[in-house]
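First the structure, in the form of structure tokens, and then the observations on it.
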Amino acid sequence: MGYIIAGANLANVEKPSVVDQVETATEALEKVQRLERDDYHVRTSTAEGEDLSVATLAARIVLDEA
């Protein structure tokens with residue numbers, strides 16, 4: 001399953017917005033955490049358009065590893 005991560009940080013003149021697509025929940029969570037540390041407001045969804053919270057991403061990682 002693919003994940004789409006979109007972030008906005010209007011204070012960042014060089015890169016105010018980002019959009020990335022990754023394949024796994026682990027990659028998605030890592031990307032979200034990295035962007036949030038850089039003060040981006042982040043939105044995550046599946047490739048099918050379903051919005052996901054950070055908690056849901058973490059749960060998917062645990063389920064995939066079980």
Side-chain angles (χ1 to χ4, degrees):
M1 170 180 294
Y3 298 90
I4 300 168
I5 297 98
N9 179 344
L10 301 180
N12 186 331
V13 176
E14 291 182 28
K15 197 168 186 179
S17 62
V18 294
V19 177
D20 288 305
Q21 190 164 359
V22 297
E23 292 299 318
T24 68
T26 300
E27 290 173 304
L29 184 58
E30 289 170 354
K31 184 70 174 179
V32 166
Q33 290 171 334
R34 192 168 39 253
L35 288 169
E36 286 179 340
R37 278 194 302 270
D38 290 335
D39 296 324
Y40 281 82
H41 174 74
V42 182
R43 181 175 175 206
T44 306
S45 64
T46 65
E48 293 80 26
E50 174 190 1
D51 286 339
L52 299 173
S53 68
V54 172
T56 301
L57 279 174
R60 287 182 179 210
I61 292 168
V62 170
L63 291 174
D64 288 345
E65 293 176 355

Expected output: side-chain Asn9 to main-chain Ala11 donor-acceptor under 3.5 Å: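 Such a contact is found between Asn9 side chain and Ala11 backbone.
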Short question: side chain of Glu27, backbone of Thr24 - any donor-acceptor pair under 3.5 Å?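 Between the backbone of Thr24 and the side chain of Glu27 there is a qualifying donor-acceptor contact (under 3.5 Å).
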Smallest separation among heavy atoms of Asp51 and Ser45, with atom names: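 Of all heavy-atom pairs spanning Asp51 and Ser45, the closest is OD1-CB, 3.9 Å.
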Residues two or more places apart in sequence or in another chain: which of them pass side chain to side chain contact (heavy atoms under 4.5 Å, CB included) with Val13?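 Here no residue qualifies.
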State which residues pass side chain to side chain contact (heavy atoms under 4.5 Å, CB included) with Thr56; sequence neighbours excluded, sorted by chain then number.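 Side chain to side chain contact (heavy atoms under 4.5 Å, CB included) list for Thr56, sorted by chain: Leu52, Ser53, Arg60.
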Please determine which of Val19, Leu29, Val42 meets the side-chain contact (heavy atoms from CB on, under 4.5 Å) test together with Ile5.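 Answer after filtering Val19, Leu29, Val42: Val42.
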Counting C-beta onward and ignoring hydrogens, is there a side-chain heavy-atom pair between Tyr40 and Asn12 closer than 4.5 Å?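 Yes, at least one pair of side-chain atoms sits under 4.5 Å.
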Straight-line distance of Glu30 CD to Ile61 CD1, nearest 0.5 Å: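 Between atom CD of Glu30 and atom CD1 of Ile61 there are 7.5 Å.
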Pairwise distance CG(Leu57) to OG1(Thr46) - rounded to 0.5 angstrom: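 One finds 10.0 Å between CG of Leu57 and OG1 of Thr46.
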Would you say the side chains of Asp20 and Tyr3 form a donor-acceptor pair under 3.5 Å?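 No donor-acceptor contact under 3.5 Å links the two side chains.
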Should Ile4 and Val54 be counted in the same cluster of Ile, Leu, Val, Met, Phe, Trp and Tyr side chains packed under 4.5 Å apart?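 No.
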